[in-house]
Structure formats: C-alpha cells, structure tokens
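Scroll down for the structure; my scribbles are underneath it.
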Number of protein chains: 2
Amino acid sequence: MEDKLQLLRQHFEEIVSLTDEEWNFVKSHFEFKSLKKHQFLIQVGQPVDFEYWIIKGLVKAYSIDEKGKEHILQFAMEDYWVSDHCAFQHQEPGTIFVDCLEDSEFFCLSLENREKICFEVPAVANFFRIKSNHGYINLQQRILSLLTMTAESRYEYLLNKLPKLIQRVPKKLIASYLGVSRETLSRFNS
Amino acid sequence: MEDKLQLLRQHFEEIVSLTDEEWNFVKSHFEFKSLKKHQFLIQVGQPVDFEYWIIKGLVKAYSIDEKGKEHILQFAMEDYWVSDHCAFQHQEPGTIFVDCLEDSEFFCLSLENREKICFEVPAVANFFRIKSNHGYINLQQRILSLLTMTAESRYEYLLNKLPKLIQRVPKKLIASYLGVSRETLSRFNS
DNA sequence: CTTGAAAAGTGATTTAGGTCACTTTTAGCT
DNA sequence: AGCTAAAAGTGACCTAAATCACTTTTCAAG
C-alpha cells in the first residue's frame, strides 16, 4: 500500500510541495478501494460518498437517456480523478453511472475529508484549485469541439489527443463519448 | 470605487471568510477596467493578461471557425468570472474573443497576482478551488446537455435556467450558444 | 419622428448523421 | 481449441437540422 500512496504523493507534488508531516496528515484521509471490470463505482440514485483518484484501471462516467442510450461524460484512467462531482459536492443521490472497463484501484476521498485537508493544508487547497482549473479548461475545449467540429474531426482530434485511450476502449464507447452513432463512427476510418 | 470593491468582497465572502487585513491585501491585487458595448476584453492572438470579475455588464466569449461562424462558449454577467482561461493559465496568446454586449466594468486579476493571493491567503485558494469546482460541474452539465438533448429541449432548459439572460441577448447569439442555427431556433417558439 | 441596420421569421432545399437490419470479425471463457 | 457474445462493418433509408434566399419586425442613432 505504501507504494500506491507514494504514487498519490507524487501526483500532489507535481503541482505543490508537501512536507512529510503534511503528507502524513493528508494521506490518512484517503481510503483504498478495488473493483473488478463491470463493477460500479457510482450509480444513479445511490449516495456519492467519495471522489476517486485512480491508482490503476479505467472507468467510464455516463448517463442513460429515456431511450436507454448511453452518453459518456468522461473516461478516466490512472492518475485521473473521477466522481459524480455534482452529486458529491451537494451530497445528493448520484445522477450518473461510473463503472469499470478494467479491474481498477482507487483512493477515495470523502467531502468532509477533502474540506478538512484543504483548510488544514493550504498547499492541498492550491492543488485542488489548480487541478480543478485544468479540468475546467479541458471541458471548455470539449464544448468548443462539440460546437465547432464535425463528428469526424472530433474523432481525429481524439485520436491525436488520447491515442492510448482509443486502444483500451471499444469504438462504440468512443462514439458515445463523441456524440455520434456507432455506425457513423465506423464509417470514418475509411 | 470602494463600493465596487465591497461587492467583490461580498462575492468572496459568500464562500469563505476574510479578515479585514486579508481583504486589504487581496483587494490591492485587482485592477479596475471599464469598457463600452462592442469593445473587446480579449482577442485571438493577443496576450491574455487577466481574468476578470464582472462588476456590471454582459460579455460573450466565443470562437470563430474557418467559415466565419461564431460559437459561443459562455455568456458572463454581473458576479461572473470570465477569461480565456486556457491562454491565461499558460500565458499564451488568446484563442477566443471576449467582447461586451453591454457597457461593462471589471476587476482584473493577473496570473501572478492570483497565485500570490492564493498562496498568501489560504481562504482565497479555497475560494478559487470551490468556484472552479462549481464551474467544472456547470460545464459537465452543459456537455451532457449537448450529448443527450435535442436543440429544442436545450433551448427550453436554458429558458428555465437563465430567463434573464435570454432577455438581454439577441436570439441569434442564444442559437450560437446552443449549437443550433438561428433559423432553427426561430422555428422552436411556435 | 425617420431611417438604416440588425434581428427575427419563413419557405424551399440540402445534408450530415441517425436508425434499422443484417453480416463479419474479434475477444473472452470454460 | 471451440463457442458464445460483444464489437465492428455495411447497405438502405430516414430525419433533424443546416443552408440559402428572401421578407418582416424591431431597435437605436441622428
């Protein structure tokens, strides 16, 4: 477990510095969790008690519309954070599903603990501030891509940006992430 | 000016508490700026020296595609923050335009000053962390709406969520925000 | 008030992408 | 290795929304 916590520490220290003392305080606020492929991290209607840092594995966050169609909000793998941020923040029942596309391991942080370490250790507040800012920027770019680009160029763009992801994820899920039908995506390669 | 700074302080104190001493330190890092309708706050290719808190007025943030079509990333009015966050964060030339739909006033915060007050005053780091988190949640919901809803229901949703905005902004801009053509939007009301 | 420009509405046509139905390929399991 | 199920590919057809061209309405500035 220490080696896994060490990865998390490195993740923090890519952005801010922590003393050993601070880190020992911080790390005590995380819980470990491990799930197999197809198991759920978050489900619609269930409490969302944590946000998750992914030690290893791959998950998808998605919602299901009235017609039963899946719409993928996010893929998240090693070194990513994932949750139903909205439900988590407001401590409300989940509004999306998150499940594992591969066997995965997580460090779990509750809202209470997050606020605790943020207000206790300013560097942690800055860490999450900067992380959250990067996330915001990424989402803005995704919105722009949805507004300005055709389905095909969004696909090319993703191929460039996250080539690794494409290899780990079935194309029908990529299609659902891009907002395009499986069949249409399949006609792009050609 | 003091009354305007007081509004900004209230904006911070909706989320975190600041001592008078902290506030005096924080406020000294903002600059005031005033623009008329149609003037630009940010332009593609120009340096993005600040992020802006809007004291009063209304702006649109948008990009222009190869065909000259405008795609609106965000409307921002009183009490909102706006910038080209991506360019600002990386201190690169602007990638979007931001201009005023009404005469507007801003408090401007440079990257250097933002980092300074965040690392000097932990409450400020927490303020921006929490704000940024809210922003992230909003963008996630917008992405979901783009993936799951038809143009028409996105419009109805916006009518509900920001009725004030619709009254202040020409419909063709609303169309461009929703990712739909002006003509199509015009056929919805009926 | 008047007038010119921007905004909004509307019909006709086109098109990107969706849907449906079916086949082929690939990948896990025992 | 063999079998099942999921994934991917493909053709035919359909539809929501884009585009183009034009008219009507609204609004702001002299």
Side-chain angles (χ1 to χ4, degrees), chain A residues 35-39 57-60 62 64-72 75 97 99-104 144-159 163 165-190, chain B residues 36-39 57-60 62-72 75 97 99-104 143 145-159 163 165-190:
Chain A
L35 289 179
K36 297 275 172 208
K37 191 169 169 172
H38 295 133
Q39 290 188 308
L58 177 60
V59 305
K60 64 177 202 277
Y62 58 103
I64 302 217
D65 67 22
E66 326 79 62
K67 287 166 203 149
K69 211 170 121 185
E70 193 175 296
H71 301 272
I72 295 187
F75 292 110
F97 296 94
D99 68 25
C100 299
L101 297 173
E102 303 174 0
D103 296 352
S104 305
L144 265 188
S145 81
L146 286 167
L147 291 178
T148 64
M149 299 163 87
T150 64
E152 185 157 14
S153 48
R154 288 203 296 280
Y155 182 50
E156 282 162 15
Y157 177 73
L158 189 67
L159 277 175
L165 185 74
I166 314 277
Q167 281 147 23
R168 285 168 78 175
V169 171
K171 290 237 179 74
K172 67 165 186 174
L173 295 184
I174 301 291
S176 148
Y177 175 86
L178 292 172
V180 81
S181 74
R182 184 185 75 65
E183 295 91 332
T184 299
L185 186 76
S186 159
R187 286 181 241 261
F188 287 161
N189 292 345
S190 52
Chain B
K36 296 279 172 208
K37 190 170 170 172
H38 295 132
Q39 290 187 307
L58 176 60
V59 305
K60 64 176 200 280
Y62 58 102
S63 83
I64 301 216
D65 67 21
E66 326 77 64
K67 287 167 203 149
K69 212 170 120 184
E70 192 174 299
H71 303 272
I72 295 187
F75 292 109
F97 296 95
D99 68 26
C100 299
L101 297 173
E102 303 174 0
D103 296 352
S104 305
I143 287 172
S145 81
L146 286 168
L147 291 177
T148 65
M149 299 163 86
T150 65
E152 184 156 15
S153 47
R154 287 204 297 280
Y155 182 51
E156 282 162 16
Y157 177 75
L158 189 68
L159 277 175
L165 183 74
I166 313 276
Q167 281 148 24
R168 285 167 78 173
V169 170
K171 290 238 178 74
K172 67 164 187 174
L173 296 184
I174 301 290
S176 148
Y177 175 85
L178 293 171
V180 82
S181 75
R182 184 185 75 66
E183 294 91 331
T184 299
L185 186 78
S186 158
R187 287 181 242 260
F188 287 160
N189 292 344
S190 51

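Bear in mind that the values here come from a model prediction, so they are computed numbers and not experimental data. Here is the naming used below: chain letters follow the sequence lines, and residue numbers restart at 1 for every chain.
dG18(C) atom P lies 12 Å from atom CD of Glu152(A), rounded to whole Å. Computed from coordinates, the Lys36(B) NZ to dA28(D) C1' distance equals 16 Å when rounded to whole Å. The nearest whole Å value for the distance from the CZ atom in Arg182(B) to the P atom in dT25(D) is 15 Å. As a whole-Å value, the separation of Ile166(B) CD1 from dA8(C) P is 11 Å. Rounded to whole angstrom, the span from the CG atom of Leu101(B) across to the P atom of dA28(D) amounts to 13 Å. Rounded to a whole Å, the NZ atom of Lys171(B) is 11 Å from the P atom of dC27(D). One can place CG of Leu185(B) at 14 Å from P of dT19(D), the figure rounded to the nearest angstrom. In this structure, Tyr155(B) places its OH atom 15 Å from P of dA17(D), rounding to the nearest Å.
Using a distance-only test at 3.5 Å, with no hydrogens or angles considered, no donor-acceptor pair links the side chain of Ser145(A) to the main chain of Arg154(A). One N or O on the side chain of Asp103(B) and one on the backbone of Lys37(B) form a donor-acceptor pair closer than 3.5 Å.
Among Leu178(A), Ile72(A), Leu146(A), Val180(A), the single residue meeting the side chain to side chain contact (heavy atoms under 4.5 Å, CB included) criterion with Leu147(B) is Leu146(A).
In this structure Lys67(A) satisfies the side-chain contact (heavy atoms from CB on, under 4.5 Å) test together with Asp65(A), sequence neighbours excluded. By the side-chain hydrogen bond (donor to acceptor under 3.5 Å, both in side chains) test, Arg168(A) pairs with Glu78(A), Glu102(A), sequence neighbours left out.
Contact annotation: Ser181(A) side-chain N/O to dG17(C) OP1/OP2 distance is not under 4.0 Å. Remark: Ser186(A) is in phosphate contact with dG9(D), judged by side-chain N or O atoms under 4.0 Å from OP1 or OP2.
Map Ala151(B) and Val169(A) each onto its nearest nucleotide of DNA chain D; the residue landing nearer the 5' end is Val169(A).
Here NZ of Lys172(B) is found 12.5 Å from CD1 of Ile174(B). Values are rounded to the nearest 0.5 Å. Taken to the nearest 0.5 Å, the CD1 atom of Ile143(B) stands 11.5 Å off from the OG1 atom of Thr148(B).
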Could you write out each protein N or O paired with an N or O of nucleotides 23-30 of chain C at a distance under 3.5 Å?
none

Protein-nucleic acid N or O pairs under 3.5 Å, nucleotides 3-6 of chain C:
none

Under-3.5 Å N/O pairs linking protein and nucleotides 11-14 of chain D:
| residue | atom | partner | partner atom | Å |
| --- | --- | --- | --- | --- |
| dG11(D) | N7 | Arg187(A) | NH1 | 2.8 |
| dG11(D) | O6 | Arg187(A) | NH2 | 3.0 |
| dA12(D) | N6 | Arg187(A) | NH2 | 3.4 |

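The two residues Tyr155(A) and Lys171(A) make their nearest non-hydrogen contact at OH-CE, 3.3 Å. The heavy-atom pair separating Met149(A) from Tyr157(A) by the smallest distance is CE-CB, 3.7 Å. When every heavy atom of Val59(B) is checked against every heavy atom of Ser104(B), the shortest pair comes out as CG1-OG, 4.3 Å.
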### Task
Could you walk me through whether His38(B) and Asp99(B) pass the side chain to side chain contact (heavy atoms under 4.5 Å, CB included) test, one step at a time?
CA-CA 6 Å; His38(B) 295 132; Asp99(B) 68 26; over 6 Å; no
### Message
Quick one, His71(B) with Tyr62(B), criterion side chain to side chain contact (heavy atoms under 4.5 Å, CB included). Give me CA distance, side-chain angles, the key distance, then yes/no.
### Response
CA-CA 5 Å; His71(B) 303 272; Tyr62(B) 58 102; 5.8 Å; no
### Query
side chain to side chain contact (heavy atoms under 4.5 Å, CB included) between Leu173(A) and Leu101(A): does it pass, once the steps are laid out?
CA-CA 10 Å; Leu173(A) 295 184; Leu101(A) 297 173; 3.8 Å; yes
### Message
Go through it in stages, so that I can follow the logic: the residues are Tyr177(B) and Leu158(B), the test is side chain to side chain contact (heavy atoms under 4.5 Å, CB included), and I'd like the CA-CA distance, side-chain angles, deciding distance and then a yes or no.
### Response
CA-CA 10 Å; Tyr177(B) 175 85; Leu158(B) 189 68; 4.0 Å; yes
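Considering only side-chain atoms of Thr184(A), the nucleotide from dA17(D), dA8(D), dG17(C) that sits closest is dG17(C).
When the local axes at the two ends of the helix from dC1(C)-dG30(D) to dT30(C)-dA1(D) are compared, using 5 base pairs at each end, they differ in direction by 60° after rounding to 10°.
Looking at heavy-atom distances under 4.0 Å, Lys67(B) makes no contact with the nucleic acid at all.
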